Visitor: 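One structure, as structure tokens, below. Some questions next.
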Amino acid sequence: MAPPIAISPESDSTSAPLGTLTTKFDDTLRFYLNGTRVVLDEIDPEVTLLEYLRGIGLTGTKLGCGEGGCGACTVVVSQYNPTTKKIYHASVNACLAPLVSVDGKHVITIEGIGNVKKPHPAQERIAKSNGSQCGFCTPGIVMSLYALLRNKDSPTEHDVEEAFDGNLCRCTGYRPILDAAQTFSSKAAACGNSTANGGGGCCMEKGEGGGCCKDGKADGDDQPIKRFTPPGFIEYNPDTELIFPPALKKYDFKPLAFGNKRKTWYRPVTLEQLLEIKSAYPTAKIIGGSSETQIEIKFKALQYPVSVFVGDIAELRQFTLKDDDHFEVGGNIILTDLENLSSEAAKKYGNRGQIFSAINKQLKYFAGRQIRNVGTPAGNLVTASPISDLNPVFLASGAVVVAKSPGKETEIPMSEFFQGYRRTALPADAILASIRVPLTQEKNEFFRTYKQAKRKDDDIAIVTSALRVRLSEDGIVEECNLAYGGMAPMTVLAKKAGAYLTGKKFAELETLEGSMNALEQDFNLQFGVPGGMASYRKSLALGFFYRFYHEVMSALNAGSEVADEEAVEELEREISTGQEDKEASAAYVQETLGKSNNHVAALKQVTGEAQYVDDIMPQKNELYGCIVFSTKAHAKLLSVDYSAALDVPGVVDFVDHKDMPSPRANRWGAPHFEETFFAEDIVYTAGQPIGLILATSAMRAQEGARAVKIEYEELPAIFTMEEAIEKDSFYKFFREIKKGDVEEGFKNADYTFTGVARMGGQEHFYLETQASLAIPKPGEGEIEIIASTQNPNETQVYGAQVCNLPLNKVVAKCRRMGGGFGGKESRSVALSSIIALAAHKTKRPVRCMLTREEDMIFSGQRHPFLGRWKVGVNKDGKIQALDLDIFNNGGWSWDLSAAVCERAMSHSDGCYLIPNVYVRGRICKTNTMSNTAFRGFGGPQGMFIAESYMSEVADRLGIPVEKFREINFYKDQEQTHFNQPLTDWHVPLMYDQVRKEFDYEARREAVSKFNAEHKWRKKGLALIPTKFGISFTALWFNQAGALVHIYEDGSVLVAHGGTEMGQGLHTKMTMVAAQALKVPMEDVYISETATNTVANASPTAASASSDLNGYAIYNACAQLNERLAPYREKLGPEATMKQLAHAAYFDRVNLSAQGFYKTPEIGYTWGENKGKMFFYFTQGVTAAEVEIDTLTGTWTCTRADIKMDVGRSINPAIDYGQIQGAFIQGLGLFTMEESLWLRNGPLKGNLFTRGPGAYKIPGFRDIPQVFNVSLLKDVEWKDLRTIQRSRGVGEPPLFMGSAVFFAIRDALVAARKQYGVEAKQGEDGGEEDGLLRLESPATPERIRLACVDPIMTRARVERKEGEESFFIAI
């Protein structure tokens, strides 16, 4: 199978024409930008639309991935559509769009639709609905919604959900964004009393007659009723939108040509002009949507000296129905148009239009809307991707490709078009003009398509297929095309199966069995097949045919005896909904604290005005840095030659370890200081920095970095924990927790069971990659470092170290981050320090923002974990003993692996009292990137091990796992295995509450009934608790400082040591200060986090920042209140802060105060197992229900109910956002997100999943269909002594996502039981004991492979001696 980023063969670098062009070409681009006419006649041919926009200061449009996979760069391009003859407002990825593509169009960016003072309704509703946290993805999301509203001012609920399928968000969990967007839907426009809007039913629904009050007329008035506007929101009026510029309606599209000596662009506007260019430049790159070409240029450094943009040739965008025989589609029709036209044609043609339904179905899940708005069928065909969604449709249908070259038209049957991997039969001098596709017969012909991917929406296929069969009147197969993608190096027909079927009577089970046997021969995959997943892909090929066969049988009305009708229906999800308890804080709400205030920067974020590191305007003489990364996982560095890089125009200098002031300065990472900023003699991972190229532009720096010549001598590399254990490759670290007498516990237990729990890592995928800007001040000997970091203190410390400066001459600043999640706690320092060194060396400002690919190979992930456990348990279900070995994969350097391992050990008890425990922890030393902090910091891994042994032991005991959990729950004041009593312990109470609210017993009964009645569909339930210890395990980090100024006008400026990464810390701290000083929130401002205002700050991590910084701010405010007390008394209770400050100032009273706080009582001693490890525990319980399609491994979460105990919430809206976001991130961790390394080939040992194309995080339509969140209320928190008596909430809910994993496991247990495979009770058997051992993440592949049905059994590909898997999963 092809890698997800497809590569065309490198073009011939020559750009000399073979012929002479007679067409006269214009060299000026003309378009409109946010309503203003733009004329460009000096155009850099290498810049994209995104680079142009950001270059002129429109930085609201963000760079998130550079490959059109995240949507952060979404803008709207309005144009006259030659296919539909209408104005269409297309959401597009600006990171892919060549600048030439906007000629004659209207480009609208986030800045063009509104601002903080006057936001667009889409901006305002997302802000006020708490749909923006870090804000980096928000402008792109807003623009996707804006595009929808411009095209459909009253969209359906489905339209709204579909509009975001090309956008990703890592913070919010999507629910608040969807809630905001659905206020524009036709559901929201319905009667306010309608049940659709949560009312008791409108007059029409109740059958009262007389017409509905929302029918569009009122009291005889002919004016339409205004659309429904939710209370508190700006009304949306489509008439006030930016108009499509009248000048563009009659715009004269002229052929364009412009460029420089490196690259030339042509933009023909007729087919004749295109053929002329192609004749002159046979190797010219023909570009339609640029969705693949730009990736080739950016990530693979392919050069296309002559590029031809064909998106404005109307002749190539037509769609024609030829008689009743076939239809012809222009090669360059955009996929959105093809999707819509196919949908309409399918309705019109009925049975004859099955091909239209097939196309529409494939396009429904093809990439995101932004890609479908520019992508074309010709692009799909010519790139010849073996996993294309459309190519199997054309192949199965018997379509013909029409190719045109000067004076010649060639017809190429699809059966002859694909010649091999990425090779086609298209003549070198030809272009793909159109595709002729036959319609199906009215009767006895059947055409269906199927696709399976890692994620339902916006994902490339693992296997895709189009299956067509034509029968005679007596049911004999006359013609059969079974086309598959993902099963070979190109889209292929299953020839043996097709040959077998032809001439057979279709409606006989022998035909099905024989076809399946033939398919096995067609697709006899080897274990190590390129692309991996041999068993899964084979099972999909067989499963798709099985589904198709029975779908045809059902259509033929063959009766239930032959047709397995259950196999026919595919899993679809409903429109998602959800609820929050809005009254959670009613019992303790104050003037400010306890209220659901919006994020203080929300409006800045939705309007694109919020500034991130790379949005800062370029400094004078600024240089751009690009890191030279190792491409080997473990090797000696024989030589590094920078000379070719220095010859690249624009390259100024380079930096490596020799530029450090001393060898010691190159070492970092407390407490061991074994990691190097730059590699010295040996590289230990692919992605380790070797040097830094400095140039006058980012593009030139990248070119220079690619030119560096490095010679390696490869050394053996270790990737997995199992390899490390086998080869005794560990860091010098060993921890243990001992409680009770484990040996005695096992001796007295009725049963002893053993097992292994394993989970993979997780990429942070913050939308803003690592970024730093260093500004030297040579005259003063100072340097300022502006970084996207959770750790300004270490940014300052190591910046000073590499520059050989005292700390008082280095200032580190962070205004906000576009997400962090722990990934910018330590790893950001690796970038900021070398950028500081470069600035110090050159005495010029230096900037660097990593590409998504660079960030993923460089910055580390969540640690994979392995737990080998032994549990002693009695017949009554009481656990007696736990013996556990925990291993984590630390990667190539220590980083924070020790602390992560410690936290996993401390959380390996879950929520269960185990009297005798012995836990040991080790860190595996491997050659992956250095794994690091990630939301939960080892806690989720420890709890996953706990819930794994709980599930497996319950299966072996034959008791429901829910009951097994209850039997073993801690009770209040009982001690953990590290001897800390549990106070304010509410897990059992919440477990009971969630059980009732979720109606768990009734659901369990319904699920059991469903599973008994369904063969290929299974449902599962899980009820999962969590307790998460809050405090840094490194004692000295549990401190914080704050600085509060009151100015004469009564305004308040607060500085504290915490950083804002979207979690709402500044919002909560603003509320704390406002409440303490008794001023309105709007009078308090937090500018940025900086080391010259609050020194020696701890990193923003461990979910402790609100506790620590909140109390530091409160302490400072208390000092100020004490100083202002005489003036309050003198001026009275109604005096404003302005009056108080004014009076105090004239009395020479200090209106600045420094606050400080350190967490009391804590301090744990390892080895002795004494002391208080955590200040308190945040707790929660989640119930989840899933449904899986066992034929494919697809699943959906039908409902999830989360209840968290966050104490007395400072801001419920912020807390709900954290809970939802953490849950969805956890859902990704446990079900979807999988990092893979290449085992062989030129990129051996490199990370394969290095962007959104290959690495899948949850999208908008992966969230639970019903997603409910509530906070525990009506209890006392007697022992909680935090600010407002609140609990930390950032990390604890992440483990709640595992409820979906364990619900999937529950469904799989039922699926296996159907075939007589279930755990042997009371036995600790081997691999064949029937017990389900499910590894995390539970991807569709793992789900399918856990099944034991006959199709899966015959599809399993056994590993032969010497065979290895294509990928390495660490």
Side-chain angles (χ1 to χ4, degrees), residues 129 131 155-165 167 169 172-182 185 187-188 195-198 364-365 453 455-459 569-581 994 997-1000 1002-1004 1006-1007 1010-1011 1014 1017-1024 1182-1190 1192-1203 1216 1219-1228 1230-1232 1256-1270 1293 1296-1304 1306-1307 1338 1340 1343:
S129 300
T156 66
E157 292 173 279
H158 177 269
D159 290 334
V160 169
E161 286 209 348
E162 186 271 342
F164 299 116
D165 62 10
N167 292 85
C169 171
T172 63
Y174 300 111
R175 182 71 266 145
I177 300 172
L178 287 168
D179 288 340
Q182 289 292 5
S185 72
K187 171 189 169 180
T195 51
N197 275 328
K364 183 179 176 184
Y365 299 113
R455 187 178 68 199
K456 187 79 171 173
D457 287 286
D458 187 15
D459 197 2
E569 190 182 356
E570 296 183 59
L571 198 58
E572 296 288 348
R573 53 179 282 128
E574 302 292 324
I575 297 296
S576 62
T577 60
Q579 291 184 331
E580 299 167 1
D581 179 4
V994 171
E997 291 163 7
F998 195 73
D999 204 4
Y1000 197 88
R1003 281 181 182 274
R1004 173 57 73 190
V1007 162
F1010 179 91
N1011 290 343
H1014 290 78
R1017 292 285 188 84
K1018 298 295 174 188
K1019 289 187 176 182
L1021 295 174
L1023 191 57
I1024 299 291
T1182 293
E1185 180 183 76
V1186 302
E1187 185 175 349
I1188 63 175
D1189 175 356
T1190 61
T1192 61
T1194 294
W1195 61 272
T1196 180
C1197 180
T1198 50
R1199 178 167 167 172
D1201 284 17
I1202 309 167
K1203 187 179 289 287
Y1216 280 132
I1219 294 165
Q1220 290 161 339
F1223 176 86
I1224 296 303
Q1225 209 167 54
L1227 179 147
F1230 291 110
T1231 67
M1232 189 179 297
K1256 296 299 169 184
I1257 70 170
F1260 276 82
R1261 289 196 274 194
D1262 295 308
I1263 69 173
Q1265 294 179 40
V1266 179
F1267 192 7
N1268 299 325
V1269 187
S1270 61
M1296 299 282 72
S1298 74
V1300 177
F1301 174 94
F1302 288 104
I1304 289 170
D1306 185 54
I1343 292 170

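Computed from a predicted model, the values in this text were never measured in an experiment. Heads up: numbering here begins at 1 and tracks the sequence.
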Visitor: Could you state the interatomic distance from CZ (Arg1017) to CG (Leu571), rounded to the nearest 0.5 Å?
Guide: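 If I round to the nearest 0.5 Å, the distance is 4.5 Å.
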Visitor: Does Glu569 CD have over 12 foreign heavy atoms under 6.0 Å away?
Guide: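 No - once you tally the heavy atoms of other residues, nucleotides and ligands closer than 6.0 Å, there are 12 at most.
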Visitor: Enter the distance from Trp1195:CH2 to Arg573:CZ here, rounded to the nearest 0.5 Å.
Guide: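 Taking CH2 in Trp1195 and CZ in Arg573, the distance rounds to 9.0 Å.
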Visitor: Looking at Tyr365 and Arg455, would you say the former's side chain and the latter's main chain have a donor-acceptor pair under 3.5 Å?
Guide: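 No; zero donor-acceptor contacts below 3.5 Å.
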Visitor: Within 45 degrees of the axis of the six-membered ring of Phe998 and under 6.0 Å from its centre: does Arg1003 put its NZ or CZ there?
Guide: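 Yes; both conditions hold, so Arg1003 lies above the ring face of Phe998.
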Visitor: Going by an N to O cut-off under 4.0 Å, is there a salt bridge joining Arg1004 and Asp1306?
Guide: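 Salt bridge between Arg1004 and Asp1306, a charged N being under 4.0 Å from a carboxylate O: yes.
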Visitor: For a quick test of reading the model, state the closest non-hydrogen atom pair linking Val1266 to Asn1268 and the distance between them.
Guide: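 Closest pair (atom of Val1266, atom of Asn1268, distance): CG1-ND2, 3.6 Å.
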Visitor: Counting only heavy atoms from other residues, nucleotides and ligands, does the tally under 6.0 Å from CD of Glu997 exceed 12?
Guide: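 Yes, the 6.0 Å shell around CD holds more than 12 heavy atoms from other groups.
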Visitor: Would you sort out whether Arg175 and Ser576 count as a side-chain hydrogen bond (donor to acceptor under 3.5 Å, both in side chains), showing the intermediate values?
Guide: CA-CA 8 Å; Arg175 182 71 266 145; Ser576 62; 3.0 Å; yes
Visitor: Got a sec, which residues hit ring pair (Phe, Tyr, Trp, His ring centres under 6.0 Å) with His158, two or more places apart in sequence or on another chain?
Guide: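 Scan of His158 (ring pair (Phe, Tyr, Trp, His ring centres under 6.0 Å), adjacent residues dropped) gives none.
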Visitor: Would you compute the distance between atom CD1 of Ile1024 and atom CZ of Phe1301 and round it to the nearest 0.5 angstrom?
Guide: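 Atom-to-atom, Ile1024:CD1 and Phe1301:CZ are 10.0 Å apart.
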Visitor: Do side-chain atoms of Asn1011 reach the backbone of Lys1019 as a donor and acceptor pair under 3.5 angstrom?
Guide: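 Between the backbone of Lys1019 and the side chain of Asn1011 there is a qualifying donor-acceptor contact (under 3.5 Å).
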Visitor: Testing the 3.5 Å rule here: is there a donor-acceptor pair between the side chains of Thr1198 and Glu1187?
Guide: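 No, no side-chain donor-acceptor contact under 3.5 Å.
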Visitor: Taking the six-membered ring for Trp and the full ring for Phe, Tyr or His, determine whether the centres of Tyr174 and Phe1267 are under 6.0 Å apart.
Guide: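 No: the rings miss the under 6.0 Å criterion.
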Visitor: Show your working on side chain to side chain contact (heavy atoms under 4.5 Å, CB included) between Phe164 and Asp457 and close with a plain yes or no.
Guide: CA-CA 10 Å; Phe164 299 116; Asp457 287 286; over 6 Å; no
